[in-house]
Amino acid sequence: MMVITAWLEALQPWHWLLLALLMLGAEALGTGGFLLGAAAAACLLALLLWLLPEWGWAGQFMVFGLATLLLSVAYWKLFRGYNERTEQPTLNDRAAQMIGRQWVLEVAVPSGESRLQIGDTRWRVQTAQTLAAGERVRVVASDGMILQLDRA
C-alpha cells in the first residue's frame with residue numbers, strides 16, 4: 001500500500017500526458033467519442049499540475065473525474081450532432097435510395113405486401129392496389145426495408 005501511495009504522491013505532468021495519449025489511442029480504436037473527454041481532462045490536469053506542482057494526488061483525481069464528466073457531456077451535447085451530419089443521408093439506406101425509381105413490371109404484384117425482384121435484390125413491397133405486368137410503377141416511399149409502390 002505504501003508503494004502505491006508513494007507513486008501517487010510522485011505524479012508528474014508527463015504522467016497525465018501519457019494517460020491522455022493512451023486514451024486518444026484507445027479512442028482511435030472506435031469508442032465513438034467516449035474517451036475524448038477523458039483525454040482532454042488528462043491534458044488539462046497536466047497543465048494544472050505543471051502550474052501547481054505541489055498539488056496533492058487526491059485533488060488531482062477529483063478534478064480529473066469532474067473534468068472527464070463535464071468534457072464528455074459537453075462533447076456529447078455540442079459535437080455529436082455535427083459528426084452525424086452528412087452530404088449523403090441515404091448512403092447506407094438502400095430502401096431510401098430506391099425512392100423515385102421507375103420501371104416496367106415483368107410480373108403482376110397483388111395489393112398488400114409481397115416480394116418483388118428489382119435489379120439484383122429481392123425486395124418486400126407494398127401496394128394499395130393490384131399492379132399488372134407491363135405496368136410502369138415507381139417507388140413512392142419506404143418503411144424500413146419495405147418499398148411502397150404506386151403507378152407511375
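Positions are given from 1, in the same order as the sequence printed here.
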Under a 3.5 Å distance rule, please check whether Gln60 uses its side chain to pair with a backbone N or O of Leu49 as donor and acceptor. no
Taking all non-hydrogen atoms of both residues into account, name the closest pair between Ala20 and Cys43 and its distance. CB-SG, 3.6 Å
Rounded distance [0.5 Å steps], CH2 in Trp57 versus CD1 in Ile4: 9.5 Å
How close do Val109 and Ser114 get, counting heavy atoms only, and between which atoms? CG1-OG, 3.4 Å
May I ask you to decide if Gln129's main-chain N or O and Thr127's side chain share a donor-acceptor pair within less than 3.5 Å? yes
Measure the spacing between OG1 of Thr68 and CG of Leu45 and express it to the nearest 0.5 Å. 8.0 Å
Would you compute the distance between atom CG of Leu36 and atom CG of Leu24 and round it to the nearest 0.5 angstrom? 6.5 Å
Please check this pair: side chain of Gln102 against backbone of Arg138, looking for a donor-acceptor N/O pair closer than 3.5 Å. no
Checking Phe34 now: which residues fulfil ring-ring contact (aromatic ring centres under 6.0 Å, His included) with it, not counting sequence neighbours? none
If you apply the rule side-chain contact (heavy atoms from CB on, under 4.5 Å), what do you find for Val63 with Leu48, and how did you get there? CA-CA 10 Å; Val63 169; Leu48 290 175; 4.3 Å; yes
Are Val107 and Trp123 linked, directly or through other ILVMFWY residues, by side chains that come within less than 4.5 angstrom of each other? yes
Ala128 versus Ser111, closest heavy-atom pair with distance: O-CB, 3.8 Å
Is the number of heavy atoms from other residues, nucleotides or ligands within 6.0 Å of CH2 (Trp76) greater than 12? no
Here the gap from Arg124 atom CZ to Met145 atom CE, rounded to the nearest 0.5 Å, amounts to 10.0 Å
Show the nearest heavy-atom pair for residues Leu71 and Ala40, with the distance to one decimal. CD1-CB, 3.7 Å
Is it the case that the side chains of Gln126 and Asp143 hold a donor-acceptor pair, with the cut-off being a distance below 3.5 Å and no angle test? no
Checking side-chain contact (heavy atoms from CB on, under 4.5 Å) for the pair Arg151/Leu131: CA distance, chi angles, key distance, verdict? CA-CA 8 Å; Arg151 288 183 175 95; Leu131 302 171; 3.7 Å; yes
Test of understanding: clusters of I, L, V, M, F, W, Y form through side-chain heavy atoms closer than 4.5 Å, transitively. Do Leu19 and Trp55 belong to the same one? yes
Which heavy atom in Leu35 sits nearest to a heavy atom in Ala26, and how many Å separate them? CD1-CB, 3.5 Å
The test is ring-ring contact (aromatic ring centres under 6.0 Å, His included); show your working for Phe61 and Trp16 and say whether it passes. CA-CA 11 Å; Phe61 277 85; Trp16 289 107; 5.6 Å; yes
Chi angles and distances behind the side-chain contact (heavy atoms from CB on, under 4.5 Å) call for Leu116, Leu105: CA-CA 9 Å; Leu116 181 64; Leu105 287 175; 3.8 Å; yes
Can you check side-chain contact (heavy atoms from CB on, under 4.5 Å) on Met98 and Ile118, steps first, answer last? CA-CA 10 Å; Met98 295 291 288; Ile118 304 171; 3.5 Å; yes
Do Val137 and Val104 share a hydrophobic cluster (ILVMFWY, side-chain heavy atoms under 4.5 Å, transitive)? no
So, Glu9 side chain and Ala6 main chain: donor-acceptor pair closer than 3.5 Å or not? no
Can you find a side-chain donor-acceptor pair between Arg94 and Ser142 that sits under 3.5 Å? no
Quick check: is Leu44 connected to Leu52 through a chain of hydrophobic side chains (ILVMFWY, heavy atoms under 4.5 Å apart)? yes
When rounded to the nearest 0.5 Å, the distance separating CD1 of Ile99 from CD of Gln97 is 10.0 Å
At what distance, to the nearest 0.5 angstrom, does CG of Leu149 lie from CZ of Arg101? 11.0 Å
